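Quick caveat, the model's predicted, so the values are computed rather than measured.
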Amino acid sequence: MIKILLFAGLAEQAGTQALEIDMEQATTDEIKVSLKEQYGLESIDTAMIAVNESYVKENTSVSSGDTVAIIPPVSGG
């Protein structure tokens, strides 16, 4: 299981802040595509990704037991 944490508008759109994906191995890009399709998260493409509390680049490998945080851009003043 890979734990997914969603923040801000992404959590609102998905209706939850945390999910689990039943996969042994995946990439961050595969996870983003899956979440976009399942929950209609259009803004996920511009989100930053952290795996186990460290920011990562696109297409990073993720394994069962990892936690992936998906953080959309924040604006405000």
Derivation and outcome, side chain to side chain contact (heavy atoms under 4.5 Å, CB included), residues Ile70 and Leu35: CA-CA 11 Å; Ile70 304 176; Leu35 293 175; 3.5 Å; yes
From CA spacing to verdict: side chain to side chain contact (heavy atoms under 4.5 Å, CB included), Lys57, Ile49: CA-CA 7 Å; Lys57 296 185 186 276; Ile49 306 289; over 6 Å; no
Side chain to side chain contact (heavy atoms under 4.5 Å, CB included) between Ile31 and Ile4, intermediate numbers included: CA-CA 9 Å; Ile31 291 169; Ile4 310 294; 3.7 Å; yes
Stepwise side chain to side chain contact (heavy atoms under 4.5 Å, CB included) test for Ser34 and Met23: CA-CA 12 Å; Ser34 175; Met23 298 175 87; over 6 Å; no
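Between Gln13 and Leu41, some side-chain heavy-atom pair lies under the 4.5 Å cut-off. In this structure the side chain of Leu5 reaches within 4.5 angstrom of the side chain of Thr67, judged on heavy atoms.
Between Ile44 and Leu10, the shortest heavy-atom distance links the atoms N-CD2, 4.0 Å. Shown here for Ala69 and Phe7, the closest heavy-atom pair between the two residues is CB-CE1, 3.8 Å.
Looking at Thr28, its side chain does come within 3.5 Å of a backbone N or O of Asn59 through a donor-acceptor pair. In terms of modelled atom types and a separation under 3.5 Å, the side chain of Ser64 and the main chain of Met1 share a donor-acceptor contact. No side-chain donor-acceptor contact under 3.5 Å links Asp66 to the backbone of Ile2.
Few gaps surround CD on Glu20; more than 12 heavy atoms of other groups in view lie less than 6.0 Å from it. By the neighbour-count criterion of 12 heavy atoms within 6.0 Å, atom CD of Gln25 is densely surrounded, having more than that number from other residues, nucleotides or ligands.
Taken to the nearest 0.5 Å, the OG atom of Ser63 stands 9.0 Å off from the CG atom of Asn52.
Linking Ile, Leu, Val, Met, Phe, Trp and Tyr residues whenever their side-chain heavy atoms come within less than 4.5 Å places Val51 and Leu19 in a single cluster. Residues Tyr39 and Leu6 are members of one and the same hydrophobic cluster, defined by side-chain heavy-atom contacts under 4.5 angstrom among Ile, Leu, Val, Met, Phe, Trp and Tyr.
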